[in-house]
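None of the values given here were measured: they were computed from a predicted structure.
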Amino acid sequence: RGIVYSVTSESANPVIGGASVGRITAAGTTGLFAVTLGSLAHATNYSFRAYAINSLGTTYSPVANFITDPIPPIVDNPTVTNVTGTGAILGGTVLSDGGDLIQYRGVVCSVTSVNSDPKITDFNAVPLSINGTTGVFAVSVIGLTQGTSYTFKAFAINSKGISYTAARSFTTPVAPTVTQPSIDTASAYTGTVGGVVQSDNGSPIIERGAVCSLATVNQNPLIGGTGVTKVSTTGTTGGFSVVVGSLTPNTLYAFRIYAVNLGGTGYSAVSYFLTTSAAPFVSTGAAYPLATGATIGGIVNAQDFATSS
């Protein structure tokens, strides 16, 4: 006596020796008996029959069915891309929904030195979820700190529980170190300023240059700031200079040297320079002829001062 069983979609009427049919025997003769089935697929419909054999043949019970329970999701392949000084894109892959609807999927992240095994219930870890079911997913994480190691896991949740990937870590890059702002030369309309990119801090330089503004408008020039002119150039670490143009004569300007990498933008201290006075502009005035002479003149514009004639 015993049980024969099969996945219903493969064999809805299992018999001994049938295709895809499993068989479990049970010791005994007449009366109630039970067997335990193992290694079944989750969330799957099975057909089964009890049977008994004697010298006259095999008898089967009517077919009955049961459906195995779902399991927690299967999630793997934690991924990290586009790491900057303040953010990253983290993700994973939900390989299986476990036979049940995915309720949430996402990542949970923490500072490694604080929590190297983050879970969504930890007070010092931040979970970020995204809609979806199985397959690859990614979440944008912002608000990170430069030069900090973070650990994260991808996760997925269904009604049977939560599953995590293995933990993976990454470190946010640091903005370049920029020093020694200097004014090489200044004329009435231009200024040549420079500085030193002392270190890229482990992340390649993307851009470097100078930012400049009228000191009366903005004494702390930053990229995108009020009244700020940006002049960029290529290069990596070391000293460099750029020319800032379209300036006003005899005027005080504030400037900073900057450099950009994936960690962010590093600035030098603020420095100042004064443009020189411009040579006067002289134009010919009107001529007024007289009988024995003429009245003639010109116009002098001092450029950086008031106009007189």
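Under the 3.5 Å distance criterion, the side-chain polar atoms of S6 are left unmatched by any main-chain donor or acceptor of S20. Listed for the T25 side chain is no donor-acceptor partner under 3.5 Å among the backbone atoms of G2. No donor-acceptor pair closer than 3.5 Å links the side chain of D200 to the backbone N or O of N261. At least one donor-acceptor pair closer than 3.5 Å links the side chain of Q146 to the backbone N or O of G263. Side chain of T84 to backbone of G87: a donor-acceptor contact under 3.5 angstrom is found. Between the S187 side chain and the T190 main chain, a donor and an acceptor come within less than 3.5 Å of each other.
Between the side chains of N220 and R256, a donor-acceptor pair is found at a separation under 3.5 Å. Between the side chains of T275 and N250, no donor-acceptor pair of N or O atoms lies under 3.5 Å. Between the side chains of T8 and N65, a donor-acceptor pair is found at a separation under 3.5 Å.
At a threshold of 4.5 Å between non-hydrogen side-chain atoms, the residues V15 and Y60 count as touching. Proximity of S96 to V94: side-chain heavy atoms (C-beta onward) are nowhere separated by under 4.5 Å. The shortest distance between side-chain heavy atoms of I120 and Y164 falls below 4.5 Å. You'll find the side chain of F152 stays beyond 4.5 Å of the side chain of V141, heavy atoms only. Between V139 and V107, some side-chain heavy-atom pair lies under the 4.5 Å cut-off. With contacts defined as side-chain heavy-atom distances shorter than 4.5 Å, the pair K230/C212 does not qualify. The shortest side-chain heavy-atom distance between V228 and N218 falls under the 4.5 Å cut-off. Side chains of T171 and T148 form no contact here, defined as non-hydrogen atoms less than 4.5 Å apart.
In this structure, CD1 on I162 lies 4.0 Å from CD1 on I157, to the nearest 0.5 angstrom. Remark: S61 OG to R49 CZ distance equals 6.5 Å, nearest 0.5 Å. For the atom pair OG of S163 and CG of L95, the computed distance is 10.5 Å after rounding to the nearest 0.5 Å. The line from CG of D97 to NZ of K160 is 13.5 Å long, rounded to the nearest 0.5 Å.
Pairs engaging residues 108-130 under the side-chain hydrogen bond (donor to acceptor under 3.5 Å, both in side chains) rule: T112-S149, T112-T151, N115-D122, N115-N124, D117-K119, D117-K153 [sequence neighbours left out]. The ring pair (Phe, Tyr, Trp, His ring centres under 6.0 Å) analysis of residues 76-100, with sequence neighbours excluded, yields no pairs.
When the ring pair (Phe, Tyr, Trp, His ring centres under 6.0 Å) test is applied to Y150, the partners found at least two apart in sequence or on another chain are F170. Residues satisfying the side chain to side chain donor-acceptor pair (under 3.5 Å) criterion with D69, sequence neighbours excluded, are absent altogether.
A side chain to side chain contact (heavy atoms under 4.5 Å, CB included) with R208 is found for exactly one of T237, T236, T233, namely T233.
Across every non-hydrogen atom of S47 and V63, the tightest pair is CB-CG1, 3.9 Å. Summarising the geometry of Q219 relative to A254, their closest heavy-atom pair is CA-CB, 4.1 Å, with the distance given to 0.1 Å. Between G99 and A43, the shortest heavy-atom contact is CA-CB, 3.5 Å. Contact detail for T79 and G92: the closest heavy-atom pair is OG1-N, 3.9 Å. Of all heavy-atom pairs spanning A156 and V75, the tightest one is N-CG1, 4.3 Å. In plain terms, the two heavy atoms of A269 and P181 that are nearest each other are O-CG, 3.5 Å.
Other members of the hydrophobic cluster containing L37, listed by chain and number, are I3, Y5, V7, I24, F33, V35, L40, Y46, F48, F66; membership follows side-chain contacts under 4.5 Å among ILVMFWY residues, whether direct or relayed. F255 belongs to a hydrophobic cluster with V178, I183, V193, V197, I205, L214, V217, V231, F240, V242, V244, L247, Y253, I257, F273, counting contacts under 4.5 Å between side-chain heavy atoms of Ile, Leu, Val, Met, Phe, Trp and Tyr, direct or through other members.
Environment of CD in Q198: sparse, with no more than 12 heavy atoms of neighbouring residues, nucleotides or ligands closer than 6.0 Å.
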